[in-house]
Amino acid sequence: MEHKSRRPVDWEAFVLRYETKLYRTALAILGDAQEAEDAVQDTFLRYLEKAPVFSCPAQEAAWMTRVTVNRCISLLRSPWRRRMEPLPPELPAREAEARELEELYRLPPQDRAAIHLYYYEGYSTGQIAQLLRMNESTVRSRLRRGREQLKSILQEVPGLVDGL
């Protein structure tokens, strides 16, 4: 009896097609590189477990994004994450550029997710509403709130707004 693999014919090409997009999405939601990597890895494992069949590439991309977003939300809700304490600002010594990037992660995860999916992944508010399982008006509110918060945050970073 021959066992049929659920893995796509070219698994490496499949992973390469989605890994960057999914990682950026997970990082935007979680704000932590290691957790983002874990979420993406979990997404690929879920794909292998479920072996979904799609009628078009857009449907496959939406499924992969949805699974990643769900995993990120689960990680954000985990009791373990709520008990985490951030490192003191002086440990480890960070470069000024890294500190400026961290300012962007001051947005709440839900707002970061909407901002990322809209501006970096190019999804419409309707598509984001489906991915995040919320009303389209809620997505628009999160985008508006996120833009306002980003503007405020960027005004706090010395020298950044001067150059814009």
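Model, not experiment: these values are computed from the prediction.
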For Q59, all residues meeting side chain to side chain donor-acceptor pair (under 3.5 Å), sequence neighbours excluded: S55

Heavy-atom donor-acceptor pair, E35 side chain to D32 backbone, under 3.5 Å: no

Test salt bridge (Lys or Arg N to Asp or Glu O under 4.0 Å) applied to E60 and R17, step by step: CA-CA 11 Å; E60 180 179 77; R17 181 170 48 242; 3.6 Å; yes

Value rounded to 0.5 Å, distance of CG in L22 from CD in Q41: 12.5 Å

Between CD on residue E136 and OG1 on residue T125, distance to nearest 0.5 Å: 4.0 Å

Check: T138 main-chain N/O paired with N135 side-chain donor or acceptor under 3.5 Å: no

Pairs where residues 125-135 contributes a residue and the test salt bridge (Lys or Arg N to Asp or Glu O under 4.0 Å) is met, not counting sequence neighbours: none

Trace of the side-chain contact (heavy atoms from CB on, under 4.5 Å) decision for M134 with R142: CA-CA 11 Å; M134 59 180 60; R142 290 185 190 277; 3.4 Å; yes

From CG (L75) to CD1 (I29), nearest 0.5 Å: 10.0 Å

Verify same cluster id: L45, I73 (apolar side-chain graph, 4.5 Å): no

Any donor-acceptor N/O pair, H116 side chain to T25 backbone, under 3.5 Å: yes

Separation of L27 CG from T20 OG1 (nearest 0.5 Å): 12.0 Å

Interatomic distance, Q130 atom CD to S124 atom OG [nearest 0.5 angstrom]: 8.0 Å

Atom pair CD1/CZ of I115 and R112 - distance to nearest 0.5 Å: 11.0 Å

Atom of A26, atom of V40 and distance for their closest heavy-atom approach: CB-CG2, 4.3 Å

Atom of A39, atom of L30 and distance for their closest heavy-atom approach: CB-CD1, 4.3 Å

Trace of the side-chain contact (heavy atoms from CB on, under 4.5 Å) decision for V67 with R71: CA-CA 6 Å; V67 171; R71 182 65 186 134; 5.6 Å; no

Shared hydrophobic cluster for L150 and Y120 (ILVMFWY, side-chain gaps under 4.5 Å): yes

Residues R147 and Y119: side-chain donor-acceptor under 3.5 angstrom: yes

Close side-chain approach of R145 to Q149, heavy-atom, < 4.5 Å: yes

Validation row: L117, T65 side chains within 4.5 angstrom (heavy atoms): yes

Y118 and Y123: CA distance, side-chain angles, deciding distance, side-chain contact (heavy atoms from CB on, under 4.5 Å) verdict: CA-CA 5 Å; Y118 186 80; Y123 285 105; over 6 Å; no

side-chain contact (heavy atoms from CB on, under 4.5 Å) between R46 and D42, intermediate numbers included: CA-CA 6 Å; R46 177 64 59 95; D42 290 348; over 6 Å; no

Heavy-atom closest contact (E19 atom, L16 atom, distance): OE2-CD2, 3.1 Å

Sub-4.5 Å side-chain heavy-atom contact between M64 and F44: yes

Check: T43/T68 side-chain N/O donor and acceptor closer than 3.5 Å: yes

Heavy-atom pair with the smallest gap, counting every atom of L76 and P109: CD1-CB, 3.4 Å

Residue list, ring pair (Phe, Tyr, Trp, His ring centres under 6.0 Å) with Y18, at least two apart or on another chain: F14

